[in-house]
Amino acid sequence: MDDHLLLVGMMGAGKTTIGRLVAKRLRRPFHDSDEEVLRRSGLSVPELFELHGEAAFRAEEKMVLAAALASGVPSVIAVAGGAVFDPESRRRIRDNSATIWLRALPLTLARRVGSGVGRPLLEHDPAGTIWRLDAARRPVYGELASAVVDVDGSQPLETAERVVRLARGLLEDPCRRSQGAGRSP
Ligand code: S3P
């Protein structure tokens with residue numbers, strides 16, 4: 001049970017809400033990428049985008065992932081949605097290997113993010129951007145995931161329960177982890 005449990009997925013998949021519930025159930029610390037970016041930089045995600053641009057934000061999210069993974073205590077980590085495009089972050093995620101993809105249909109994600117308030121990438125055409133980002137990221141999440149939980153139509157407590165059950169299996173028995181569990185056939 002010594003490894004971190006990583007949650008990956010798109011904006012609106014519920015990484016923060018589910019991550020918090022799962023961490024409580026597993027009695028582990030919880031690291032949320034956006035919250036740690038705020039703590040480290042003193043700036044919220046929209047402020048960071050506005051003042052320093054997306055590249056600076058991506059550098060921060062990379063650093064907070066590295067710091068969370070390096071923390072000595074096994075934790076639950078909500079990985080930033082776009083961090084998986086950084087090769088070093090991908091390698092770090094692979095090395096940890098207990099990774100669950102909170103997967104949702106683009107329609108579910110678009111409904112959940114609504115007008116995109118607080119998410120700078122979604123300022124213009126939130127639904128269209130969600131579809132485009134989801135199409136690009138889906139194969140990467142699928143490749144990194146050792147298990148997948150479909151969140152469409154589920155309430156947070158129910159999803160968290162499924163994640164906890166899966167996570168216990170993955171963390172207790174590393175043989176159950178096969179990265180690429182979410183890859184399309
Ligand atoms: C982003 C996801 C957001 C936030 C930023 C960029 C992304 O976090 O970090 O707006 O590229 O997927 P949530 O996944 O918590 O919405």
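Values below: all heavy atoms of this structure, side chains included; hydrogens, waters and symmetry mates excluded. In each ligand, atom 1 is the first atom listed, and ligand 1 is the first ligand listed.
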For ligand 1, which atoms, with element, lie under 4.0 Å from some heavy atom of [X]?
X    : value
P120 : 10 (O)
V45  : 5 (C), 10 (O)
R58  : 11 (O)
K15  : 14 (O)

Specify the protein heavy atom at minimum distance from [atom]: its residue, its atom name, and the distance to 0.1 Å.
atom                    : result
atom 13 (P) of ligand 1 : D34 OD2, 3.8 Å
atom 16 (O) of ligand 1 : R119 NE, 2.7 Å
atom 11 (O) of ligand 1 : R137 NH2, 2.8 Å
atom 1 (C) of ligand 1  : M11 CG, 3.8 Å

Determine yes or no for a side-chain-to-main-chain donor-acceptor pair under 3.5 angstrom, with H4 supplying the side chain and S75 the backbone.
-> yes
Quick one: does S71's side chain have a donor or acceptor within less than 3.5 Å of a partner on A68's backbone?
-> yes
Below 4.0 Å, non-hydrogen atoms only: which portion of [X] touches ligand 1? Side chain, backbone, both or neither.
X    : answer
F57  : side chain
L133 : neither
E54  : neither

So which heavy atom on P29 is nearest to which on V73, and how close?
-> CG-CG1, 3.8 Å
Minimum heavy-atom separation for G118 to P120, with atom names?
-> O-CD, 3.6 Å
Crowded around L107 CG? As in, over 12 foreign heavy atoms under 6.0 Å?
-> no
Quick check: are there more than 12 heavy atoms from other residues, nucleotides or ligands sitting under 6.0 Å from CD of E50?
-> no
For the pair R91 and D95, evaluate salt bridge (charged side-chain N to carboxylate O under 4.0 Å, His left out) and give the outcome as yes or no after the intermediate values.
-> CA-CA 6 Å; R91 182 188 52 72; D95 287 351; 3.2 Å; yes
Side chains of R162 and S154, donor plus acceptor under 3.5 Å | yes
